[in-house]
Amino acid sequence: MGSDSAAFKMNWVMAAIAGTLSAIIGAMGLGGGGVLLIYFNLFTQTPQTLAQGINLLFFIPSAIVAIIIYIKKNLVNFKLAIIFSLLGLVGALAGAYLACFIESRVLSKLFAILLLIMGALQFRKKA
């Protein structure tokens, strides 16, 4: 039972680290969901669609706190935020609808490809 307990504690520590990093990166507007999804894919057996759902729910409180701070610092352009929010809503509906028809294994591979493309684009970007 001792090794099971140690494994459970390690899993809890890894989950706490992944959650904290995701919240920090997400609050900076850098897409912390990538960290959380990578954690779910590499360290747990969570199906991709379930991982995505958990990720979306996780970011509601993180986003609320970040929005409050950004608004207090006058760092929000409300006109653009509303436009992008509406467009994001349409994209979220389309993505959630499409995710229901794509196998979890394929969805996971598509996410990995997206991360590779984004990483490669970052190398090409001028500082």
Side-chain angles (χ1 to χ4, degrees):
M1 181 160 187
S3 65
D4 287 342
S5 178
F8 175 78
K9 287 179 184 174
M10 187 58 168
N11 287 341
W12 189 88
V13 169
M14 291 297 292
I17 291 170
T20 303
L21 282 175
S22 293
I24 291 169
I25 294 169
M28 291 189 294
L30 301 175
V35 173
L36 204 55
L37 289 173
I38 290 168
Y39 164 76
F40 281 126
N41 283 308
L42 293 180
F43 299 104
T44 71
Q45 299 301 316
T46 307
Q48 183 71 21
T49 50
L50 179 59
Q52 289 171 201
I54 293 168
N55 178 53
L56 291 171
L57 232 109
F58 170 82
F59 278 98
I60 293 171
S62 301
I64 290 170
V65 171
I67 288 169
I68 291 168
I69 293 169
Y70 278 75
I71 289 172
K72 283 184 176 184
K73 292 185 174 192
N74 276 343
L75 295 173
V76 176
N77 178 330
F78 285 98
K79 184 178 178 182
L80 280 178
I82 290 170
I83 292 169
F84 280 108
S85 294
L86 293 173
L87 293 171
L89 181 62
V90 171
L93 289 170
Y97 179 77
L98 288 173
C100 294
F101 298 104
I102 300 173
E103 197 176 313
S104 187
R105 183 177 50 84
V106 174
L107 210 51
S108 184
K109 289 184 190 320
L110 289 172
F111 177 67
I113 291 167
L114 176 67
L115 285 179
L116 287 172
I117 291 169
M118 295 303 291
L121 289 174
Q122 287 298 314
F123 281 116
R124 295 190 60 196
K125 207 175 201 183
K126 293 181 181 177

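- Side chains of Leu107 and Thr49 form a contact here, defined as non-hydrogen atoms less than 4.5 Å apart.
- Note on residues 101-110: pairs passing salt bridge (charged side-chain N to carboxylate O under 4.0 Å, His left out), not counting sequence neighbours, are Glu103-Arg105.
- Looking at every heavy atom in both residues, Phe58 comes nearest to Ser22 through CE2-CB, 3.8 Å.
- Taking the side-chain contact (heavy atoms from CB on, under 4.5 Å) definition, one finds that Val90 meets it with nothing, sequence neighbours left out.
- Both Leu50 and Phe59 are members of a single hydrophobic cluster when ILVMFWY side chains are connected at heavy-atom separations under 4.5 Å.
- When hydrophobic side chains of Ile, Leu, Val, Met, Phe, Trp and Tyr are connected at separations under 4.5 Å, Leu87 ends up clustered with Ile83.
- Put simply, Phe78 and Tyr70 are part of the same group of oily side chains (I, L, V, M, F, W, Y) that touch within less than 4.5 Å, one to the next.
- There is a path of hydrophobic side-chain contacts, each under 4.5 Å, that joins Ile71 to Leu75.
- Pairs of residues two or more places apart, or lying in two chains, never qualify as salt bridge (charged side-chain N to carboxylate O under 4.0 Å, His left out) while including a residue from residues 33-49.
- Hydrophobic cluster membership of Phe101, counting Ile, Leu, Val, Met, Phe, Trp and Tyr whose side-chain heavy atoms lie under 4.5 Å apart directly or via other members: Tyr97.
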Compile the donor-acceptor pairs under 3.5 Å between side chains in residues 36-45 and protein atoms, sequence neighbours left out, one pair per line.
residue	atom	partner	partner atom	Å
Asn41	OD1	Ser108	OG	3.4
Asn41	ND2	Leu37	O	3.0
Asn41	ND2	Gln48	OE1	3.1
Thr44	OG1	Phe40	O	2.7
Thr44	OG1	Thr46	N	3.3
Thr44	OG1	Thr46	OG1	2.7

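- Considering only residues two or more places apart in sequence or on other chains, Phe84 meets the ring pair (Phe, Tyr, Trp, His ring centres under 6.0 Å) condition with none of them.
- The side chain to side chain donor-acceptor pair (under 3.5 Å) contacts involving residues 76-88 comprise nothing, where partners must be two or more places apart or lie in separate chains.
- Partners of Ala92 according to the side-chain contact (heavy atoms from CB on, under 4.5 Å) rule, which considers only residues two or more places apart in sequence or in another chain, do not exist here.
- With sequence neighbours excluded, the residues forming a side-chain contact (heavy atoms from CB on, under 4.5 Å) with Ile64 are Ile60, Ile68, listed by chain and number.
- Residues passing the side-chain contact (heavy atoms from CB on, under 4.5 Å) test with Leu21, sequence neighbours excluded: Ile17, Val35.
- In this structure, the separation between CG on Leu115 and CE on Met118 is 8.5 Å, given to the nearest 0.5 Å.
- Pairs engaging residues 102-121 under the ring-ring contact (aromatic ring centres under 6.0 Å, His included) rule: none recorded [sequence neighbours left out].
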